[in-house]
Amino acid sequence: MNVQNLMTDLERKHPGESEYLQAVREVLESIEEAYNEHPEFEQAKIVERMVEPDRIITFRVTWVDDAGAIQTNLGYRVQFNSAIGPYKGGIRFHRAVNLSMLKFLGFEQTFKNALTTLPMGGAKGGSDFDPVGKSNAEIMRFCQAFMLELWHNIGPDTDVPAGDVGVGGREIGYMYGMYKKLAREYNTGVLTGKGMTWGGSLVRPEATGFGALYFVQHMLQRAGRELKGATVAISGFGNVAWGAAKKATELGARVIAISGPDGVVYNPNGMTDEKIAYMLELRASNRNIVAPFAEKFTDATFISGKKAWSIKCDIALPCAFQNELTEADAEELLANGTWCVAEVSNMGCTPEAIAALQRAGILFAPGKAVNAGGVATSGLEMTQNAMHISWAAEEVDAKLHYIMNSIHEACVKYGTEPSGYINYVKGANIAGFMKVARAMLEQGVV
Ligand code: 2IT
């Protein structure tokens, strides 16, 4: 493979799809060497096939807001790759959603899902619907209108959506209700992230954050470091940030920052149960601001317009959005003595930021390894649904531990460089790629 030629070709075919092109370039650059050791991949044009989604479904979503005005949004489902299992991946509701964003997320999901050890292909979907400031009734009507179009294309053995940014338990509930009405079947396995009384899995709400901290624990253990006593800066305050803050605190770290689009909350004394619970309230308010945290808890300070990375910390955990940690942020973290950055958001760091962190030789791991606990637990939810049973929290948590450990091991296996430095980006990309590539090869040209 010649990465530059492939990228030039993709840039020509998909002009302006910057997030998608960024995600593809990162993977191709890091797998190039391993790929070229397999002439059978080259002959079967595996990479040329893998960078294009199997199919993209786009649709219009029309709904009526509380004022009686008609609203039109765009809806998408990108079914990226089904070599190792049915399509699986979240749905994102955010005003900036476009095809490039969902293609990048679907591409990443393919490798991430391969790392989980479970049989799941890659997909992503969403809409440019902006949940900020919407009433509960508006969110319900939007979710119903979205599902009215999507339902034909999904199913427990076809494509299984879940939540992502802007889509949590409430939205999954509204979408499931509409799916059930249209399909006239109680197919619990068609969506994951469901409520506990109707097919949801214990630990799924916490799983992305919990899994991330289990992964960080493995990284630290290998490097002879400890979470106990370490200071942690987290960006975001949504579901993923909440799970990460909860587990980091449980494991003895001090979470000294959370952030929102409005600024950062400096929280020098760390989290309490009450503070962690309040993060959920903040999210549910649909206002998308973090400042009220510092009004409620007076030992915390709100700093307007600043990012979480301006707070001096040992460990930085991006938990919000793609490209939220830039090269300048990486330099600021390094200058402040940060020794570990783990992406919990998908593609949370820009390529320049990753290069700076790796150059400095600190611990760095990419989202597709660190945040895979979320979709892995979705996979466990699908298993429970198929078996018509539900496991105890301890059982799900033990399986999540096992999965995060095996992802870490895979990264070490494929990512250890001659110097001994573990390039987790390379490790995760090669490990995920190999599994999908072999499956595609064995299934012929389809
Ligand atoms: O990015 C992700 O892995 C998710 N949003 C979770 C996807 C899922 O199917 O649970």
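- A pairwise comparison of heavy atoms in A393 and V203 identifies O-CG2, 3.7 Å as the closest pair.
- For Y176 and Y186, the ring centers are positioned less than 6.0 Å apart.
- In this structure, the side chain of E149 does not engage the main chain of A145 through any donor-acceptor pair within 3.5 Å.
- Salt bridge K180/E185: absent, no basic N to carboxylate O contact under 4.0 Å.
- When atom types are taken as modelled, the side chain of S345 and the backbone of Q322 share no donor-acceptor pair closer than 3.5 angstrom.
- Ion pairing of K399 with E395 is present here, as a side-chain N (NZ or NE/NH1/NH2) and a carboxylate O approach within less than 4.0 Å.
- Between the side chain of T416 and the main chain of K413, no donor-acceptor pair closer than 3.5 Å is present.
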Derivation of the side chain to side chain contact (heavy atoms under 4.5 Å, CB included) call for V97 and H94: CA-CA 6 Å; V97 160; H94 189 278; 3.9 Å; yes
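- Ion pairing of K368 with E26 is present here, as a side-chain N (NZ or NE/NH1/NH2) and a carboxylate O approach within less than 4.0 Å.
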E381 vs K194, salt bridge (charged side-chain N to carboxylate O under 4.0 Å, His left out): CA-CA, chis, key distance, verdict: CA-CA 9 Å; E381 183 172 329; K194 297 181 292 292; 2.7 Å; yes
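- Within the cation-pi definition used here (under 6.0 Å to the ring centroid, within 45° of the axis), K296 qualifies as a partner of Y278.
- Dense packing is recorded around OH of Y421, with more than 12 heavy atoms of other residues, nucleotides or ligands lying under 6.0 Å away.
- Checked by atom type and distance alone, the side chain of R254 pairs as donor or acceptor with a backbone atom of P268 at under 3.5 Å.
- The two residues M382 and P156 make their nearest non-hydrogen contact at CE-O, 4.2 Å.
- Panel note: side chain Y20, backbone L105; no donor-acceptor pair is recorded below 3.5 Å.
- The residues D54 and R49 are annotated as not salt-bridged, no charged nitrogen and carboxylate oxygen being separated by less than 4.0 angstrom.
- The shortest non-hydrogen separation linking L202 to W391 is CD1-O, 3.6 Å.
- Taking the ring centre of W339 as origin, the terminal cationic atom of R225 falls inside the region bounded by 6.0 Å and 45° from the ring axis.
- Aromatic ring centres of Y424 and H408: separated by under 6.0 Å.
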Steps toward ring pair (Phe, Tyr, Trp, His ring centres under 6.0 Å) verdict (W63, F129): CA-CA 11 Å; W63 56 285; F129 170 74; 5.4 Å; yes
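- A donor-acceptor pair under 3.5 Å is formed between the side chain of T231 and the backbone N or O of D314.
- At distances below 3.5 Å, not a single donor-acceptor pair connects side-chain atoms of N336 with backbone N or O atoms of T338.
- Listed by chain and residue number, E11, E29 satisfy the salt bridge (charged side-chain N to carboxylate O under 4.0 Å, His left out) test with R25 (two or more places apart in sequence, or in another chain).
- When ring centroids are compared, F302 and Y266 stay outside the 6.0 Å threshold.
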Trace of the salt bridge (charged side-chain N to carboxylate O under 4.0 Å, His left out) decision for D159 with R55: CA-CA 12 Å; D159 182 352; R55 72 189 61 78; over 6 Å; no
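- The shortest heavy-atom contact between L74 and V61 is C-CG2, 4.4 Å.
- Atom NZ of K134 sits in a crowded spot, with more than 12 heavy atoms from other residues, nucleotides or ligands closer than 6.0 Å.
- Of all heavy-atom pairs spanning S201 and M196, the tightest one is O-CE, 3.1 Å.
- Nearest heavy atom pair, residue A183 against residue W151, reads CA-CZ3, 3.6 Å.
- The number of heavy-atom neighbours closer than 6.0 Å to CD of E417, taken from other residues, nucleotides and ligands shown, is above 12.
- Taking the six-membered ring wherever Trp is involved, the centroid distance between the rings of F146 and F93 falls below 6.0 Å.
- No donor-acceptor distance shorter than 3.5 angstrom exists from the side chain of N429 to the backbone of L28, with no hydrogens or angles considered.
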